[in-house]
There are 2 protein chains.
Amino acid sequence: MTRKDRERMAREELILEHARRLLLSQGFQGFSLDDLAKAIEYSKGTIYLHFQSKEDLALAVATAALKERADLFERAVRFRGKSRERARAIGFACCHFMVAYPEFFSVEMMMKSQSFWEKASEARRQANSMQAGRTFRAMMEVVHAGFESGDLPRDRMAAEHIAIAMASVTVGSHIMSQVPEMRLLAGIDDSILIVRQNQDLLLDGMQWSPLLAEYDYQATDFRIRDEIFPEATWFPGH
Amino acid sequence: MTRKDRERMAREELILEHARRLLLSQGFQGFSLDDLAKAIEYSKGTIYLHFQSKEDLALAVATAALKERADLFERAVRFRGKSRERARAIGFACCHFMVAYPEFFSVEMMMKSQSFWEKASEARRQANSMQAGRTFRAMMEVVHAGFESGDLPRDRMAAEHIAIAMASVTVGSHIMSQVPEMRLLAGIDDSILIVRQNQDLLLDGMQWSPLLAEYDYQATDFRIRDEIFPEATWFPGH
DNA sequence: AAATATATTGACCCTCGGTCATAAAGGTAG
DNA sequence: CTACCTTTATGACCGAGGGTCAATATATTT
């Protein structure tokens with residue numbers, strides 16, 4: 001790798017850093033490439049030497065964040081314990097990510113919209129896809145561990161559908177617990193608590209042993225924090 | 001109400017109709033007020049006599065749709081049966097709405113961003129709030145029916161949190177089952193099935209009797225369709 | 001019919017994503 | 001060091017689209 005290549009990569013990092021900051025503080029619509037150009041002290045044209053469109057840039061930012069989440073998931077899966085405890089560790093990882101990047105969710109939501117993807121480059125779409133695959137595989141690993149240990153009934157649902165269900169309840173709970181309207185109607189003060197409660201309900205619904213009522217999961221939470229996420233500054237239920 | 005008022009209302013209806021069509025077919029970013037002006041055969045300025053911004057207009061469209069959903073929820077709650085069957089009827093209503101307005105979800109997603117709301121008028125925000133309240137109250141009614149019949153344990157969760165959980169799993173499942181990435185990874189072909197499966201898991205997790213395995217809910221589905229939503233052109237699991 | 005009040009318009013402004021001719025910087029040969 | 005060529009960076013410019021308002025058309029009153 002030549003000096004040129006290294007300089008180019010360093011500048012791409014610089015752009016991504018500032019883009020991330022502006023994107024999270026102003027939202028996709030709110031942040032302008034003129035502002036970004038001013039912040040990085042390069043011209044707007046230079047940005048386009050790295051990214052083919054505003055969407056392409058936003059996707060790169062999102063993918064970098066998704067990679068961090070995938071890292072957290074893979075760490076979570078390494079937790080030593082019962083399969084449901086490992087599933088719980090993934091839930092912990094999700095919440096940890098929520099706390100660390102509270103503004104990131106709106107960017108991820110915006111990416112669900114139709115017109116977004118077709119304006120991004122194929123290379124960046126693939127990069128995103130790869131990170132999404134890592135998170136999915138992490139969940140699948142735990143599901144299979146559940147099957148093999150006999151803690152999770154095999155006959156009720158396909159492994160993929162169980163993984164989808166885990167992701168769904170997490171995403172949905174996060175969204176609903178952030179909507180001001182809902183916070184008011186339901187008297188929510190702690191989003192994390194809602195997310196984790198709903199994850200518990202779902203896993204109980206799958207008959208994933210040991211059920212919430214049969215086991216001391218608070219002890220598990222302490223172990224997850226201490227052994228896997230010592231950097232966490234928060235704790236479930238507090 | 002004078003003739004003027006009636007003419008004004010009729011024109012607002014006309015604008016909303018076309019705005020809805022364009023919004024759903026092009027997305028929020030895609031649809032332009034110039035196109036809308038051309039479609040309704042009034043000038044752009046006239047649109048601004050009714051709506052204070054593009055966001056305000058989109059919110060009005062969204063609120064009209066939300067009202068239809070609230071209507072469906074209130075019909076669902078009137079289902080005569082066990083409390084969990086009535087909860088299931090609400091789930092049915094949600095899916096019915098999904099099928100009837102498949103494109104509406106992206107509009108609703110876009111509304112979750114905060115920058116959206118501050119550009120809409122207070123009056124329209126309140127109108128939306130009111131419809132959201134109706135859907136929430138419908139869910140709460142069923143939850144309380146569950147408490148009172150003893151089918152739903154009282155001590156595990158607050159009624160509001162149960163309602164939030166129901167909404168969360170539905171929204172989350174809808175989102176996840178629409179993401180092309182996920183459809184590929186998990187081999188999904190029927191979104192509705194995913195949504196309903198996950199709703200079932202959640203209600204089972206709450207110990208809302210009778211549990212899925214203890215009861216013939218297919219018969220319930222038929223009754224819901226025949227008695228409450230005879231206009232439905234689809235059926236769960238098919 | 002004239003005067004006044006109300007309703008409607010579309011040319012215009014501004015911001016912003018995206019482009020490209022031009023200029024600056026970097027490299028090479030004599 | 002100079003002349004020439006290649007690569008890289010720039011910012012003026014473009015078109016699209018949201019939003020405004022002085023001017024115009026329509027309706028109502030006197």
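Side chains included, hydrogens not; waters and symmetry mates left out as well; all remaining heavy atoms used. What you see is a predicted model; the values in this text were computed from it and never measured. Each chain gets a letter, A, B and so on, in the order its sequence line appears, and its residues count up from 1.
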Visitor: Output all residues satisfying salt bridge (Lys or Arg N to Asp or Glu O under 4.0 Å) with A:Asp56, sequence neighbours left out; order by chain, then residue number.
Guide: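 A:Arg124.
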
Visitor: Near DNA chain D, under 4.0 Å by heavy atom, which residues of residues 14-43 of chain A?
Guide: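 Residues of residues 14-43 of chain A under 4.0 Å from DNA chain D: A:Tyr42, A:Ser43.
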
Visitor: Looking at B:Arg21 and B:Glu17, is any side-chain nitrogen of the basic one under 4.0 Å from a carboxylate oxygen of the acidic one?
Guide: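 No, no charged N to carboxylate O under 4.0 Å.
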
Visitor: Applying salt bridge (Lys or Arg N to Asp or Glu O under 4.0 Å), can you list everything that pairs with B:Arg6, at least two apart in sequence or on another chain?
Guide: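 Salt bridge (Lys or Arg N to Asp or Glu O under 4.0 Å) list for B:Arg6, sorted by chain: empty.
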
Visitor: Whether A:Asp34 and A:Lys38 form a salt bridge (side-chain N of Lys/Arg under 4.0 Å from carboxylate O of Asp/Glu) is what I want to check.
Guide: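 Judged by the 4.0 Å cut-off on N to carboxylate O distance, A:Lys38 and A:Asp34 do not form a salt bridge.
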
Visitor: Give me the distances for all protein-to-nucleotides 20-28 of chain D N/O pairs that come in under 3.5 Å?
Guide:
from	atom 1	to	atom 2	distance (Å)
D:dT28	OP1	B:Arg3	NH2	3.1

Visitor: Rounded to the nearest angstrom, tell me the gap between atom CG in A:Leu49 and atom C1' in C:dA25.
Guide: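 Value for this atom pair: 14 Å.
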
Visitor: In whole angstrom, give the distance that lies between atom NZ of B:Lys119 and atom P of D:dG19.
Guide: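 For the pair B:Lys119 NZ and D:dG19 P, the rounded distance is 8 Å.
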
Visitor: Test salt bridge (charged side-chain N to carboxylate O under 4.0 Å, His left out) on A:Arg125 and A:Glu122; report intermediate values, then the result.
Guide: CA-CA 5 Å; A:Arg125 278 195 293 236; A:Glu122 183 54 33; 2.8 Å; yes

Visitor: Holding to side-chain contact (heavy atoms from CB on, under 4.5 Å), I want the full list of residues that pass it with B:Arg137, two or more places apart in sequence or in another chain.
Guide: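 Residues passing side-chain contact (heavy atoms from CB on, under 4.5 Å) with B:Arg137: B:Arg134.
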
Visitor: NA contact type, B:Arg11, heavy-atom cut-off 4.0 Å: base, sugar-phosphate, or nothing?
Guide: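 Sugar-phosphate, backbone atoms only, no base.
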
Visitor: Are side-chain heavy atoms of A:Leu57 and A:Leu16 found at a separation under 4.5 Å?
Guide: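 A side-chain contact under 4.5 Å exists here.
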
Visitor: Starting from C1' on C:dC20, measure out to CD1 on A:Ile47 and report it in whole angstrom.
Guide: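 One finds 16 Å between C1' of C:dC20 and CD1 of A:Ile47, rounded.
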
Visitor: Do A:Phe229 and A:Ile224 have side chains that get closer than 4.5 Å, going by heavy atoms?
Guide: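 Yes. Closest side-chain heavy atoms under 4.5 Å.
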
Visitor: Check the distance between D:dG18's C1' and B:Phe51's CZ and give it to me in whole angstrom.
Guide: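 Answer to the nearest Å: 16 Å.
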
Visitor: Short of 4.0 Å, heavy atom to strand atom, which residues of residues 53-62 of chain A count as contacting DNA chain D?
Guide: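 The stretch gives none, as no residue of it lies under 4.0 Å from the strand.
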
Visitor: What orientation do B:Phe104 and B:Phe97 show, parallel under 30°, tilted 30 to 60°, or perpendicular over 60°?
Guide: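 Aromatic pair B:Phe104/B:Phe97 classed perpendicular.
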
Visitor: Side chain to side chain donor-acceptor pair (under 3.5 Å), that's the test. Do B:Arg196 and B:Ser173 meet it? Break it down for me.
Guide: CA-CA 9 Å; B:Arg196 293 180 61 87; B:Ser173 302; over 6 Å; no

Visitor: I'd like to know if A:Arg3 pairs up with A:Glu7 as an ion pair, taking the criterion as any Lys NZ or Arg NE/NH1/NH2 lying under 4.0 Å from an Asp or Glu carboxylate oxygen.
Guide: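 Judged by the 4.0 Å cut-off on N to carboxylate O distance, A:Arg3 and A:Glu7 do form a salt bridge.
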
